[in-house]
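Structure record follows, encoded as structure tokens.
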Amino acid sequence: MIVPAGLSSSAAVAVALVVVSSLHLAVAAGQQPSFRGRDIAGSGGPCALAVAPLGYPCEEHQVTTADGYILSLQRIPRGHGGAGARGGQPVLLQHGVLVDGMSWLLASPEESLPFILADRGFDVWIANNRGTRWSRRHVSLDPSSRLYWNWSWDDLVVNDLPAMVDFVYGQTGQKPHYVGHSMGTLVALAAFSEGRVVDQLKSAALLTPVAYLAHITTPIGILLAKAFVGEIISDFLGVAEFNPLAPPVTNLIRAFCRRPGMNCYDLVGSITGKNYCLNSSAADVFLKYEPQPTSTKTMVHFAQTVRDGVLTKYDYVVPERNIASYGQAEPPVYEMSSIPASFPLFLTYGGRDSLADPADVRLLLDDLRGHDRDKLTVQYLDQFAHLDFVIGVCARDYVYKDMIAFFDRFN
């Protein structure tokens, strides 16, 4: 399918933002975006790379989904130096698109959410989506095959999230809290709307919640969006894996960075909004480990979400294919108003966020107007943008403190 010529600028931008969202942190480090691959093979998993050297206990785990993907999870069961009793309240952290679980571990222990939670007595579990560095295995498929990449974020809703939640419960004997950022909130909201995992979780904290994408404002992405159309890459060029470091993407970025008026040194502000307290040293660390691949089908699904103005399952475009998959000609809608009203939710969003735009978050809140008042906590931070919630130096005081207080209400 080719995107219609009348695609709105906001829809065009949304296509572009998923192309460059993982490259923008180069700017925070004051560097030209680098497109060379990074070879960290043999250097161990996240535990060895980012947790154990800081004196925290860490365990590597794997879980296999119903459709055969083998996912990596890291567990920080106690605080610094192993202090604190094992068996604390578990919490599962889910990252966004084009990154992996390392995105939670980039700042210092005083600023990174997993370490803050562990030092507060939580049993922390960090998820890694299928297709990322430590979750590239499958029981029968090889990542070099197109079949391995034949999935969209619908499959994270149906398979990955339930598998990880069930695994954490099986290992701990307790229902975990859930924390998602960006796409990690989208997958959770879609799952909750279908009644998935709500009975297996104690609560969910959604940082920069994404359910609607109609008001995204990322000017630098408009030209990129007109050039990059996921459907074309997927269907006509045979690309099933979307790798931000691969030549089709890096060449595209280079070409547009050479255009007059294109400021590739300010991708942070142009893509995420002007962040309030971004940790530039964490951005330096980011360049060693990110970005990560995803499926081209997931990128197409994001574009469809904006273009259609509603959150649906993946649209195969051809009615017969939708009927074969869903039993109807149009893809089913994820109804946010169907999220159980008694399920505890903590939502936090920023006034400067160009991805989870405040106007789009307000659409979500309107869907949740029937939610039990004592089970819904909403935090609005006027100066915050998209990355402040994960690697902002002030996120501990402005976000995590209130989030932990919310968790404590339901422990």
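All residue numbers in this chain count up from 1 along the given sequence.
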Between F410 and F406 (judged by ring centroids, cut-off 6.0 Å), do the two rings come close enough to count as a pair?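 They qualify: ring centres under 6.0 Å apart.
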If we only count heavy atoms from C-beta on, is the [X] to [Y] side-chain gap below 4.5 Å?
X	Y	answer
D372	F343	no
F302	V97	yes
P293	W149	yes
W104	V179	yes
L347	L368	yes
H61	Q74	no
T298	W151	yes
Q94	V187	no

To the nearest 0.5 Å, how far apart are [atom1] in [X] and [atom2] in [Y]?
X	Y	atom1	atom2	answer
R78	C58	CZ	SG	11.0 Å
L71	M164	CG	CE	6.0 Å
Q89	Q174	CD	CD	5.0 Å
Y148	L141	OH	CG	8.5 Å
L92	L161	CG	CG	7.0 Å
D388	T208	CG	OG1	10.5 Å

Please answer whether the main-chain N or O of [Y] pairs with a side-chain N or O of [X] as donor and acceptor at a distance below 3.5 Å.
X	Y	value
T348	L207	no
Y69	G131	no
Q304	D315	yes
S193	Y334	no
Y400	F389	yes
H95	I126	no
D119	H80	yes
Q328	E330	yes
H177	D408	no
Q379	Y398	yes

Between [X] and [Y], which heavy-atom pair has the shortest distance, and what is it?
X	Y	answer
A188	L206	CB-CD2, 4.3 Å
P209	A356	O-CB, 3.7 Å
F167	Q62	CE1-O, 3.6 Å
A163	V63	O-CG2, 3.7 Å
Y314	P331	O-CB, 3.8 Å
A385	R352	CB-O, 3.7 Å

If the plane angle is over 60° it's perpendicular, under 30° parallel, otherwise tilted; pick one for Y326 and Y316.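 If you compare the ring of Y326 with that of Y316, the planes turn out tilted.
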Where does the angle between the aromatic ring planes of H386 and H181 fall among parallel (under 30°), tilted (30 to 60°) and perpendicular (over 60°)?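 H386 and H181: tilted rings.
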Is there a side-chain contact (heavy atoms from CB on, under 4.5 Å) between F384 and D353? Walk through the geometry before answering. CA-CA 7 Å; F384 267 46; D353 197 330; over 6 Å; no
Heavy-atom count check: over 12 atoms from other residues, nucleotides or ligands less than 6.0 Å from R120 CZ?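 No, the 6.0 Å shell around CZ holds no more than 12 heavy atoms from other groups.
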Does atom CZ of R196 have more than 12 heavy-atom neighbours from other groups under 6.0 Å away?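 More than 12 within 6.0 Å, yes.
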For L311 and L186, run side-chain contact (heavy atoms from CB on, under 4.5 Å): C-alpha distance rounded to whole Å, both residues' side-chain angles, the deciding distance at 0.1 Å, then the answer. CA-CA 9 Å; L311 193 64; L186 175 66; 3.5 Å; yes
Scan side-chain atoms only and decide if S108 and E110 contain a donor-acceptor pair under the 3.5 Å cut-off.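 Side-chain D/A pair, S108 to E110: present.
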Have Q171 and R75 got a donor and an acceptor in their side chains that come within less than 3.5 Å?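 The answer is no; no qualifying pair exists.
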Can you check side-chain contact (heavy atoms from CB on, under 4.5 Å) on F115 and L105, steps first, answer last? CA-CA 8 Å; F115 300 124; L105 298 165; 3.7 Å; yes
For H301, which residues count as a side chain to side chain donor-acceptor pair (under 3.5 Å) partner, sequence neighbours excluded?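 Side chain to side chain donor-acceptor pair (under 3.5 Å) check on H301 returns S152, W153.
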Is there a side-chain hydrogen bond (donor to acceptor under 3.5 Å, both in side chains) between K202 and N411? Walk through the geometry before answering. CA-CA 8 Å; K202 282 195 172 181; N411 282 345; 4.8 Å; no
Dump the intermediate steps for side-chain contact (heavy atoms from CB on, under 4.5 Å) on N128 and Q292, then the final yes or no. CA-CA 10 Å; N128 296 271; Q292 292 295 307; over 6 Å; no
Taking W125 as the fixed residue, which of L73, L93, I76 is the one that meets the side chain to side chain contact (heavy atoms under 4.5 Å, CB included) rule?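 Filter result, single survivor: L73.
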